[in-house]
Amino acid sequence: MSEKKPGLVGRVFGFIGKILTAIRHLFTLVVVLLLVSGLTQIASNSVQPIAEEGALYLAPTGVLVDQKTLVDPLEQLFYQNASPDETLVRDVIEAIDYAQDDDRITHIIL
């Protein structure tokens, strides 16, 4: 019994199938390399040790407010930067209160 070779159409579709398989494998390799690269970046970002003495640097962004402005949830969903830059005064005071009890903080920079 002799093997029957595929015709022209079979060879063309076989070639297209091999190209698509190669593209799929290449895409998978790129995704895996990106994941490994991301995980190594996360693991390599070690936390710097805190100095024995130093300053607390406070840099509030935007306007200091007692209560944040209400933003429509749908507007915030569609427009990511819809919320205005606001910093709660309560947060600033809380940071200063914690700094007051911490012996490592010698002064505050605003």
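Values in this document were obtained by computation on a predicted structure and should not be read as measured data. Residues take their numbers from the sequence shown, with the count starting at 1. Basis for what follows: all heavy atoms, side chains included, without hydrogens, waters or symmetry-related copies.
- Contact annotation: the side chain of I108 approaches that of I96 to within less than 4.5 Å [non-hydrogen atoms, C-beta and beyond].
- The line from CG of L58 to CG of L110 is 5.5 Å long, rounded to the nearest 0.5 Å.
- Across all non-hydrogen atoms, the minimal contact from L56 to A95 is CD2-O, 3.9 Å.
- By the 4.5 Å heavy-atom criterion applied to side chains, L26 and R24 are not counted as neighbours.
- Every side-chain contact (heavy atoms from CB on, under 4.5 Å) that I19 has, sequence neighbours left out, goes to F15, I23.
- I16 meets the side-chain contact (heavy atoms from CB on, under 4.5 Å) test with V12, L20; sequence neighbours excluded.
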- Start with the C-alpha distance between T61 and T87, add both sets of side-chain angles, then the distance that settles side chain to side chain contact (heavy atoms under 4.5 Å, CB included), and finish with yes or no. CA-CA 6 Å; T61 58; T87 301; 3.9 Å; yes
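- Here Y98 contributes atom OH and I93 contributes atom CD1; the two are 13.0 Å apart, rounded to the nearest 0.5 Å.
- Residue D101 qualifies as enclosed at atom CG: its count of foreign heavy atoms under 6.0 Å is above 12.
- Only one option out of V92, L88, D91 pairs with L64 in a side chain to side chain contact (heavy atoms under 4.5 Å, CB included); it is V92.
- Evaluation of the side-chain contact (heavy atoms from CB on, under 4.5 Å) rule for T106 yields E53 as partners, not counting sequence neighbours.
- With sequence neighbours left out, D66 forms a side-chain contact (heavy atoms from CB on, under 4.5 Å) with V89.
- Grouped by direct or indirect side-chain proximity (heavy atoms under 4.5 Å, Ile/Leu/Val/Met/Phe/Trp/Tyr only), L29 sits with L33.
- For D102, the salt bridge (charged side-chain N to carboxylate O under 4.0 Å, His left out) partners two or more places apart in sequence, or in a different chain, are R104.
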